2 protein chains.
Amino acid sequence: MFKETKTHEVTTDVVIFTIKDGKLKVLLVKRAHEPFKGKWAIPGGFIRISETIDAAALRILKEKTNVQNIYLEQLYTFGDPLRHPTARVITCAYFALIRSDDIVLSFEDNSEITEVQWHPVYDLPPLAFDHKEIIEYSLKRVRERLEFCPIAFQLLPEKFTLTELQKTYELILDKKLDKRNFRKKFLALSILKELDECTKSGSKRPARLYSFNEITLNSKRGHFFS
Amino acid sequence: MFKETKTHEVTTDVVIFTIKDGKLKVLLVKRAHEPFKGKWAIPGGFIRISETIDAAALRILKEKTNVQNIYLEQLYTFGDPLRHPTARVITCAYFALIRSDDIVLSFEDNSEITEVQWHPVYDLPPLAFDHKEIIEYSLKRVRERLEFCPIAFQLLPEKFTLTELQKTYELILDKKLDKRNFRKKFLALSILKELDECTKSGSKRPARLYSFNEITLNSKRGHFFS
DNA sequence: GAATATATTTGTACAAATTACACTATTTAA
DNA sequence: TTAAATAGTGTAATTTGTACAAATATATTC
């Protein structure tokens, strides 16, 4: 298909998850050029020649969201020669979990992109390349992680209620959980720090606020939720 | 470090596990050239321009072992610019599990390699590049897989005893398991087919032979062993 | 062929984790 | 003060995991 003298291009694409408006969403960019001009895609870009792959993924993330210090994990490397219509592009995909509050989406005026937007992960527009497959694979991985690691905290504000925490799990797992069992299990893990504060009159009865206790986490193993 | 005009090279390296002489081993090749001339390394090679990454990994595997149709899974992509002393080489690592009986190790006389050999994974020689890290990461992944998937069967002959199955788990997890609990758990999973045969006079009491029942597997979920 | 050595096979009691399930408490708004 | 909405709580049944010891079948040896 390609001449053997042609070289691979290597990119990284980052599936960025957040919870916004009560929905699990991913960040998509609208492509300014062919191929797939006008189609939505996961943000991505070429890996620079002296840059680690992790650094490239972080750079992509920062360009679009201005956030750093967030949960970022290498997902899988997609390299079907047919995934790009005109070149051999191998992409090392990552996923990230971020809090979307106080984030201003942006893109440099490099005319690669005409729009940046959050899209509900369960209701995606048609996507460029194999990006639908990459998002589906990410979601699967996030669910796997959720069972073992407290990554849900990456999506929540510093102080949160148990109901908010449960909602986060329900959105990612896409199923209802039992309130009493959820609370019992989390409190038994003792990775939550009960604060002296409550939500100020959101509506109805105020809820206790908790924060994530990183200290006890390291000694914890085993399942979170399935 | 590198000029931006320089291009990435993309390889795949395959960590091939087997059980041999009662030990968990990995396949290593001795490098014929610099860098790391004379050092042991994981078998690997460049991904061809019109080849999927999976196909490249399979090709590497077949070149060295002549086996096909085995368990092969993408592990992780290692891309530190410093991992190769003279070039920017991104490698997409895989791991494979194979039965080592009736396998003849081989290498084409391309003078890239001077030897191919199985090495105990818990007693490795000094390795080229970041290959030690890659093997450690593989082992971690195999252990994770072992908890959920019946991949141990990939290392066993078609017919095996429960003791052999347990030994396989113990070698990979590097710890002793309780015999009665191991059997109870596996038999409860009903992914084993009890055969009418026994081991013919290995020594002492003959053991019942079992085979792996693929049919019931698909309906199974959850933990295997931890 | 009897005794011995070696590996196979089997069950039970206890602890821990998971699941199912319904009512009371506190606040705001009418 | 009443109604509506969300927060918060406990127990019993089931399942799963863990710890642990004796009997059985064959080969070898005396």
Side-chain angles (χ1 to χ4, degrees), chain A residues 19 21-22 143 146-150 156-157 159-171 173 175-211 216 219-226, chain B residues 19 22 143 146-150 156-157 159-171 173 175-211 219-226:
Chain A
I19 288 178
D21 310 323
R143 286 175 180 164
L146 209 58
E147 287 188 43
F148 291 99
C149 316
L156 288 167
K159 299 173 181 181
F160 50 85
T161 67
L162 288 178
T163 301
E164 287 167 342
L165 183 60
Q166 183 176 344
K167 279 270 171 292
T168 304
Y169 273 79
E170 291 181 340
L171 283 171
L173 299 175
K175 69 175 178 190
K176 285 274 171 222
L177 299 173
D178 180 86
K179 196 201 303 192
R180 275 171 294 187
N181 292 338
F182 183 89
R183 283 160 185 252
K184 193 188 343 172
K185 191 160 181 178
F186 250 103
L187 295 174
L189 287 168
S190 58
I191 55 169
L192 294 181
K193 185 154 43 180
E194 186 175 330
L195 303 176
D196 287 333
E197 301 170 67
C198 289
T199 49
K200 306 282 183 206
S201 89
S203 64
K204 321 306 147 157
R205 180 174 173 174
R208 167 87 39 195
L209 286 169
Y210 291 82
S211 70
T216 58
S219 55
K220 294 291 163 192
R221 291 301 311 152
H223 263 201
F224 270 57
F225 282 90
S226 50
Chain B
I19 288 177
R143 286 175 179 163
L146 209 57
E147 287 189 44
F148 291 99
C149 316
L156 288 167
K159 299 171 182 180
F160 51 85
T161 67
L162 288 178
T163 302
E164 287 167 343
L165 183 60
Q166 184 177 343
K167 278 270 171 294
T168 303
Y169 273 79
E170 291 180 341
L171 284 171
L173 298 175
K175 68 176 178 190
K176 286 275 171 219
L177 299 173
D178 180 85
K179 198 197 304 192
R180 276 169 295 189
N181 291 337
F182 184 89
R183 284 160 185 251
K184 194 189 343 173
K185 192 159 181 178
F186 250 103
L187 295 173
L189 287 168
S190 58
I191 56 168
L192 293 181
K193 187 155 42 181
E194 186 174 331
L195 302 176
D196 287 333
E197 301 169 69
C198 289
T199 49
K200 305 283 183 201
S201 90
S203 65
K204 320 305 145 151
R205 178 172 177 175
R208 167 92 32 200
L209 287 169
Y210 292 82
S211 70
S219 55
K220 293 290 163 192
R221 291 301 312 151
H223 264 202
F224 270 56
F225 282 90
S226 51

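Just so we're on the same page: letters track the sequence lines, and every chain starts at 1. The structure displayed is predicted, hence computed values, not measured ones.
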J.: Can you tell me the distance, in whole Å, between the CG atom of A:L189 and the P atom of C:dA17?
T.: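 The distance from CG of A:L189 to P of C:dA17 comes to 10 Å, rounded to the nearest Å.
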J.: Rounded to the nearest angstrom, tell me the gap between atom CD in A:Q166 and atom C1' in D:dT6.
T.: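 Distance check: A:Q166 CD to D:dT6 C1' gives 13 Å.
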J.: Taking OP1 and OP2 of D:dG8, is either one under 4.0 Å from a side-chain nitrogen or oxygen of A:R183?
T.: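 For D:dG8, OP1 or OP2 has a side-chain N or O of A:R183 closer than 4.0 Å.
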J.: Measure NZ/B:K179 against C1'/C:dG11 and give the value in whole Å, please.
T.: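 Distance, rounded to whole Å: 14 Å.
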J.: Is any side-chain N or O of B:R205 under 3.5 Å from a base N or O of D:dT24, one able to act as donor and the other as acceptor?
T.: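 Pair found.
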J.: Nearest-Å distance, CG (B:L177) to C1' (D:dC20)?
T.: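 For the pair B:L177 CG and D:dC20 C1', the rounded distance is 15 Å.
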J.: Where the side chain of B:K204 is concerned, which of C:dT26, D:dG10, D:dT26 is the nearest nucleotide?
T.: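 Per side-chain heavy atoms of B:K204, the pick is D:dT26.
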J.: May I have the distance from B:F182 (atom CZ) to C:dT10 (atom P), rounded to whole angstrom?
T.: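 One finds 15 Å between P of C:dT10 and CZ of B:F182, rounded.
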J.: Is B:K167 salt-bridged to B:E164, going by a charged N under 4.0 Å from an acidic O?
T.: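 Salt bridge between B:K167 and B:E164, a charged N being under 4.0 Å from a carboxylate O: no.
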J.: Using atom CD of B:E194 as one end and atom C1' of C:dT10 as the other, report the distance to the nearest whole Å.
T.: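 After rounding, the gap between these two atoms is 13 Å.
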J.: Given atom CZ of B:R208 and atom P of C:dT9, what is their separation to the nearest angstrom?
T.: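 Going from CZ in B:R208 over to P in C:dT9 covers 8 Å.
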J.: Could you tell me whether the side chains of B:T163 and B:R208 share a donor-acceptor contact shorter than 3.5 Å?
T.: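 The criterion, which ignores hydrogens and geometry beyond distance, is not satisfied for B:R208 and B:T163.
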J.: Tell me the closest heavy-atom pair linking B:L171 and B:G22, and the distance in Å.
T.: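 Answer, listing the atom of B:L171 first, then B:G22: CD2-O, 3.4 Å.
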J.: What integer distance in Å separates B:N181:CG from C:dT12:C1'?
T.: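 B:N181 atom CG is separated from C:dT12 atom C1' by 11 Å.
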J.: Strictly below 4.0 Å: does A:K185 bring a side-chain N or O up to OP1 or OP2 of C:dT18?
T.: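 Yes, such a contact exists.
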J.: Look at the side chain of B:K184 and the base of C:dT9, then say whether one donor and one acceptor between them are separated by less than 3.5 Å.
T.: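 Side chain to base: no pair below 3.5 Å.
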J.: Is B:T163 touching bases, backbone alone, or none of the nucleic acid, heavy atoms closer than 4.0 Å?
T.: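 Sugar-phosphate, backbone atoms only, no base.
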J.: So B:R180, base contact, sugar-phosphate only, or nothing? Heavy-atom distance under 4.0 Å.
T.: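 Answer is base: heavy atoms of B:R180 come under 4.0 Å of a base.
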J.: Checking A:R183 against A:K179 for the side-chain contact (heavy atoms from CB on, under 4.5 Å) test, could you report, in this order, the C-alpha distance in whole Å, the side-chain angles of both residues, the deciding distance, and whether it holds?
T.: CA-CA 6 Å; A:R183 283 160 185 252; A:K179 196 201 303 192; 3.5 Å; yes
J.: In terms of side-chain heavy atoms of A:D178, which of D:dA27, D:dT9, C:dC21 is nearest?
T.: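 Among D:dA27, D:dT9, C:dC21, the one nearest the side chain of A:D178 is C:dC21.
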J.: A:I191 and A:F186: which non-hydrogen atoms are nearest, and at how many Å?
T.: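 Heavy-atom minimum between the residues: CD1-CE2, 3.8 Å.
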